[in-house]
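Ligands are counted one by one from 1 in listed order, and the atoms in each one are counted from 1 as well. Only a predicted model underlies this, so the values are computations on that prediction, with no experimental measurement involved.
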Amino acid sequence: MAGVPAARKRVLFLFSDTGGGHRSATLALIEALGLEYPGVFDCKMVDVFRDYLPAPLRYAPEMYPPMTKFPETWAISYKATDGKRRSRAVIRALFPYVARAIRRLYRENPADIIVSVHPLVNTGVLRTMKSNPTPFMTVVTDMVTTHAFWFDRRADLVVVPTKEAREVAVEYGIPEGNVRVVGLPVAERFRVPPADPMAFRDEQGWRRDLPVILVVGGGDGMGPMEAVVKSINEARLKATVVAICGRNESLQHRLKSLSWNMPHHIYGFTTQMPEFMAAADMLVTKAGPGTISEGFIAGLPLVLYSRLPGQEDGNVAYVVKKKAGVWAPRPHQVVDAVRRWVEDPEALAAAAKASSKVAKPDAARQIAQIIADRAGVYSAPLGSN
Ligand code: UDP
C-alpha cells in the first residue's frame, strides 16, 4: 500500500468508445488505482475522438460498429495502415488536421501522468507534447496482434498483455526495457468470483443439473451469433443455452421467438457478466480480447466463432495454442466443439484447466502499481514480469 502524497496525483486516461474494450479496460484501471491507493489519485477519462477531434474523426465511436460488420473491408484498412512506415505516413498526413485539437486536449487536462488505452491517440499526443516531462504510458488492450499505431517510441512505458505482444512492440521500435508484460486489465468483480455460482443459477431459473453453454457476441451482440445459437438449438444437446445479446435488441427478440428444443435463457446487455461466467461451463464468443480474458479468469473453455481480421487474429491463435479453446468459424464446428464438452466431462475439465492457467486476474492491480510508481507514489515491489 502507498503512503499518501501531499497532493492528489492526476491521472489522465485517453481512450475512445470504439468497441467496448477500451472503456472497460480504463474503468478497471481506475477501480484498481482506487483499491490499491485509496484517496491518492484523481482520475479523468477523455474520449479523445468524441470529445476533441474534428469531424468526421469525432464520429469514430458511432462508425466503429457498422465498419466492423464488414470484416473483409475492415481487414483491408487494418493491413493498409499496419507496419512502421505505413502507420507513420498515415499519422503524418492526419497530424496537421488534429494538432490543434490535441493541443487543446493537453491544455485543458493537466495531469501528473497520461495513460493511453487506445492505439490511435499515442503518436498524436506524444508529438504535441514534445519535450513536456509528463510521463506517458500506453496500456495495450489487444492481446497478440497489436497494430503499429499502438507503439510510439517516445512513450515512457508500454504495458502489453502477452509475451507475443511484447515481441510486436519491440519489432515496432519500443526499447525492450520500456515494455512490460502484465495482462489485460479486467474489473475487480472478475477477480473475486461469486461465492456460490449455483445460487445465481437458482436466481435466474437455470437448471442445476445441466451444463450451461454461455453464448456472447461482445457488447453489441455482433458477428454470426444468431446462426451459432440456432445450430446449437438444432443439435438438441443435453445442456442449457444462455445467450447474451448485448445492446442488439433485435437479435434478442429473434432469439426469444426461436422454436426452442433446449432449455434456454436470452438476455440483453448485462452488468452481471462475472456472475454469468461463474455460473457457466463453457463460453461461445467472438474473439474479443475483453471477453476472452474474462473467460480465462472464470476458467471457461472457449469456442471462438468469429474474429475481426487483423486485430483479433492473434487472439484466436493464442487461445488455440494454449489449449484453452477452439476456433470454430462455422456453426457446425461450434456444435461439434460444445457437443464434445457436453458429452465428455474430462475433456471439458482439461480445457477449463488450460483456460485458468493463462488467466491474469491481477493485471489491473499490477498496472495500477506501475502507474503509481511512474507518478512518483511509493508502491510495494511488483512481482516479476
Ligand atoms: N459485456 C458486458 N455486458 C454484455 C455484453 C458484453 O458487460 O451484455 C462486456 C464484456 O464482459 C467485455 C466487453 O463487454 O468486457 C466486450 O469486450 P470485447 O473486447 O470482448 O469485445 P468488443 O465489444 O470490445 O468488440
Should Lys286 be listed as contacting ligand 1, given a heavy-atom distance under 4.0 Å as the test?
yes

If the contact criterion is a heavy-atom separation under 4.0 Å, does Thr270 count as touching ligand 1?
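For ligand 1, residue contact (heavy atoms, under 4.0 Å) with Thr270 is present.
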
Mind checking whether Ile244 contacts ligand 1 via backbone (N, CA, C, O), side chain (CB onward), both or neither, at a 4.0 Å heavy-atom cut-off?
side chain

Region of His22 that comes within reach of ligand 1 [heavy atoms, distance under 4.0 Å]:
neither

Proximity winner for atom 15 (O) of ligand 1, if only heavy atoms of Met273, Met277, Glu294 are counted:
Glu294

Under a 4.0 angstrom heavy-atom cut-off, which atoms of ligand 1 come close to Gly218?
5 (C), 6 (C), 23 (O)

Hey, does [X] come in under 3.5 Å of ligand 1, counting only N/O atoms on both sides?
X: Gly21; result: yes
X: Gly290; result: yes
X: Glu312; result: no

Residues 267-296, side-chain donor-acceptor partners within the protein, below 3.5 Å, at least two apart:
from: Tyr267; atom 1: OH; to: Gln204; atom 2: OE1; distance (Å): 2.9
from: Tyr267; atom 1: OH; to: Trp206; atom 2: NE1; distance (Å): 2.9
from: Thr270; atom 1: OG1; to: Gln272; atom 2: N; distance (Å): 2.8
from: Glu275; atom 1: OE1; to: Arg189; atom 2: NH2; distance (Å): 3.1
from: Asp281; atom 1: OD2; to: Arg201; atom 2: NH2; distance (Å): 2.8
from: Asp281; atom 1: OD2; to: Val212; atom 2: N; distance (Å): 2.7
from: Lys286; atom 1: NZ; to: Glu312; atom 2: OE2; distance (Å): 3.4
from: Ser293; atom 1: OG; to: Pro289; atom 2: O; distance (Å): 2.8

Among pairs that include at least one residue of residues 319-332, which meet side chain to side chain donor-acceptor pair (under 3.5 Å), considering only residues two or more places apart or in two chains?
Glu164-Lys321

Between [Y] and [X], does any NZ, NE, NH1 or NH2 come within less than 4.0 Å of an OD or OE carboxylate oxygen?
X: Arg10; Y: Asp42; answer: no
X: Asp112; Y: Lys9; answer: no
X: Arg191; Y: Asp362; answer: yes

Under the criterion side chain to side chain donor-acceptor pair (under 3.5 Å), I'd like the reasoning laid out for Trp260 against Asn233: C-alpha separation, chi angles, the key distance, then a yes or no.
CA-CA 7 Å; Trp260 276 96; Asn233 180 41; 6.0 Å; no

Phe49 and His118: aromatic ring centres closer than 6.0 Å?
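Centroid separation for Phe49 and His118: below 6.0 Å.
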
